Each structure stands twice: as structure tokens, then as C-alpha cells.
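Before any comments, here is the structure.
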Amino acid sequence: MVVWIRTIQKRTALNLPVILSNCNALMEILRISHFDVNVMFVGRGYIKSLNLRYRRRNVVTDILAFPYFDVSGKKKYHVCQLYFKAEEF
């Protein structure tokens, strides 16, 4: 299991140890600890464009979650993608 945490915000402070701990705890609760999770913190415009492209809703939302998919190769990976709207300050 791997948790990737990425932000494309320039002025957003993230408490990475807390975020990683919460992701790991949630994965254990949901019994998906064998999954890889991609967590991204993005701005209003980016999350709005994702929402329009994949959900056909032209609105800003706080969270977008995409279901897992299998990545082929020597090992079989399950990957989930989560996008959070980060508040700039």
C-alpha cells in the first residue's frame, strides 16, 4: 500500500503526518489497505474542470473521488484517486 499526497497549491499549508495517518486509518477501516491511494489538493478552477469533465457538472465541489482501477504489469495494483479543494490563504 502506498499513499501519494500531492498539492498543486502554492500557498496552502498541509499537515502531512496527520493527513497520512488519517489516510492509513481510513484504509484499514475500509479494508482496502492493499490499495494505492493518490490524494491531491487542488484549487477551485482545477476541481471545477475535473467535475465538468468527468461528472458533467460545471460547479466547484469540495471533494471528488474516483473508484479504483487495476494497473497491469508484473504485480497487480489497485489505485484510488481523491481530489480535495484546498483553501488558499
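Note that the coordinates shown come from a computational prediction; the quantities given were computed from them, not determined experimentally.
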Checklist entry - Under 4.5 Å between side-chain heavy atoms, hopping through other hydrophobics if needed: is there a path connecting Ile29 to Val39? => result no

Next on the checklist: How close do Phe41 and Ile19 get, counting heavy atoms only, and between which atoms?
Outcome noted: CZ-CD1, 3.7 Å

Next on the checklist: On a heavy-atom basis, which atom in Val42 and which in Tyr83 lie closest, and how many Å separate them?
Outcome noted: CG1-CD2, 4.1 Å

Checklist entry - Looking only at heavy atoms, what is the nearest atom pair of Ile47 and Asp62, with distance? => result CD1-O, 3.9 Å

Checklist entry - If you measure from SG on Cys23 to CG on Asn38, what distance do you get to the nearest 0.5 Å? => result 10.5 Å

Checklist outcome for this item: Across all chains, not counting sequence neighbours, the ring pair (Phe, Tyr, Trp, His ring centres under 6.0 Å) partners of Tyr46 are none

Checklist entry - Quick one: do Ile63 and Val37 end up in the same hydrophobic cluster if we chain Ile, Leu, Val, Met, Phe, Trp and Tyr together by side-chain heavy atoms under 4.5 Å apart? => result yes

Could you list the donor-acceptor pairs under 3.5 angstrom formed by side chains in residues 51-60, with sequence neighbours left out?
unit_1	atom_1	unit_2	atom_2	d
Asn51	ND2	Val59	O	3.0
Arg55	NH2	Ala65	O	2.7

Checklist entry - Linking I/L/V/M/F/W/Y whenever any side-chain heavy atoms sit under 4.5 Å apart, do Phe84 and Leu16 land together? => result yes

